[in-house]
Amino acid sequence: MTRNLMIMLATGGSVALLGGAYIFQLLGYPPCAMCLWQRWPHAAAIIIGLLALKIQGRTLPALGALAAGTTGAIGVFHTGVERDWWEGPSSCTGGGALDGLSGSDLLAIEGPRVVMCDQVSWEFLSLSMASWNAIFSFDLMMGWIIAVVLSGASTAKGSSRTG
């Protein structure tokens, strides 16, 4: 395995996960707030990956690992909220106050659909989208870490030639 191959695989994984999220959204599964939080680190990993293919060194692959680990951690937190293992943000789990809303506001049919973070909208093999994101994101993080190690190996080879 080469450094650039690992970077391409990790970047491609984030492209696939982010693209999958948008496909689910097009299929009628609107995202909750925590789902949207999980998308940002994937977007960052894609940008980092494109830069890392042009710029040598360990810093960018390390940042890619951090981005993948961040979305994975958010996915674990979101899974815990969905499974009632712990409390989630009151703004998206139904625990928020209804101050300022009238009865007609609460009964209105029009308007955007509110998606709660503590409700599983889709699952496969008893795992929600948040759980799958966590699993795949931690795999991507390992790919980025391998790219970091390979970056160090290529740096060591280059310095032994000049020294």
Side-chain angles (χ1 to χ4, degrees), residues 1-83 85-89 91-93 115-163:
M1 288 270 155
T2 66
R3 171 192 183 274
N4 282 353
L5 178 60
M6 291 309 303
I7 290 170
M8 287 189 285
L9 290 172
T11 303
S14 281
V15 168
L17 288 172
L18 190 56
Y22 283 111
I23 288 170
F24 270 96
Q25 190 172 340
L26 289 172
L27 293 174
Y29 296 95
C32 70
M34 291 175 70
C35 294
L36 294 173
W37 297 349
Q38 292 170 78
R39 293 180 185 188
W40 286 105
H42 282 301
I46 293 166
I47 293 167
I48 291 165
L50 294 173
L51 290 172
L53 290 172
K54 299 287 183 190
I55 302 169
Q56 294 299 311
R58 293 177 150 187
T59 303
L60 289 171
L63 289 174
L66 179 63
T70 299
T71 190
I74 296 169
V76 169
F77 180 68
H78 191 179
T79 297
V81 170
E82 292 172 333
R83 306 288 181 199
W85 295 340
W86 46 71
E87 292 291 318
S91 61
C92 68
T93 58
V115 180
M116 304 307 287
C117 297
D118 56 358
Q119 302 297 312
V120 176
S121 62
W122 180 90
E123 66 181 15
F124 177 68
L125 299 175
S126 299
L127 296 174
S128 68
M129 283 189 263
S131 302
W132 286 111
N133 179 63
I135 291 167
F136 290 129
S137 294
F138 289 131
D139 288 342
L140 295 177
M141 183 179 77
M142 291 307 301
W144 281 110
I145 290 170
I146 292 169
V148 170
V149 171
L150 292 172
S151 295
S154 63
T155 303
K157 286 179 188 175
S159 64
S160 65
R161 287 186 208 148
T162 58

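Heavy atoms only: backbone and side chains are in, while hydrogens, waters and symmetry mates are out.
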From [atom1] ([X]) to [atom2] ([Y]), nearest 0.5 Å:
X	Y	atom1	atom2	answer
I55	L50	CD1	CG	11.0 Å
S131	L125	OG	CG	11.0 Å
L5	L9	CG	CG	4.5 Å
R39	Q25	CZ	CD	4.5 Å
M8	T2	CE	OG1	6.0 Å
L60	L51	CG	CG	6.0 Å

| field | E87 atom CD, neighbour heavy-atom count above 12 within 6.0 Å | value | no
Looking at every non-hydrogen atom in both residues, tell me the closest pair between [X] and [Y] and how far apart they are.
X	Y	value
M129	Y29	CE-CB, 4.3 Å
F77	W86	O-NE1, 3.0 Å
W37	I74	O-CD1, 3.9 Å
T70	P41	CG2-CG, 4.0 Å
I46	L18	CD1-CD2, 3.9 Å
H78	A130	ND1-CB, 3.5 Å

| Would you say the side-chain atoms of S14 and T11 include a donor-acceptor pair closer than 3.5 Å? | no
| request: Give a yes or no answer on whether the side chain of R3 reaches the backbone of R58 with a donor-acceptor pair at less than 3.5 Å. | output: no
| Does some side-chain heavy atom of M6 sit less than 4.5 Å from a side-chain heavy atom of P61? | no
| said: Within the structure provided, determine whether F24 and C35 are in side-chain contact (heavy-atom separation under 4.5 Å). | reply: no
Taking distance alone, no hydrogens or angles, what donor-acceptor pairs closer than 3.5 Å link side-chain atoms of residues 132-149 to residues at least two apart or in another chain?
unit_1 : atom_1 : unit_2 : atom_2 : d
W132   : NE1    : F124   : O      : 3.1
W132   : NE1    : L127   : O      : 3.2
N133   : OD1    : H42    : NE2    : 2.8
N133   : OD1    : S137   : OG     : 3.3
N133   : ND2    : Q38    : OE1    : 2.9
N133   : ND2    : T71    : O      : 3.3
N133   : ND2    : T71    : OG1    : 3.2
S137   : OG     : H42    : NE2    : 3.4
S137   : OG     : N133   : O      : 2.7

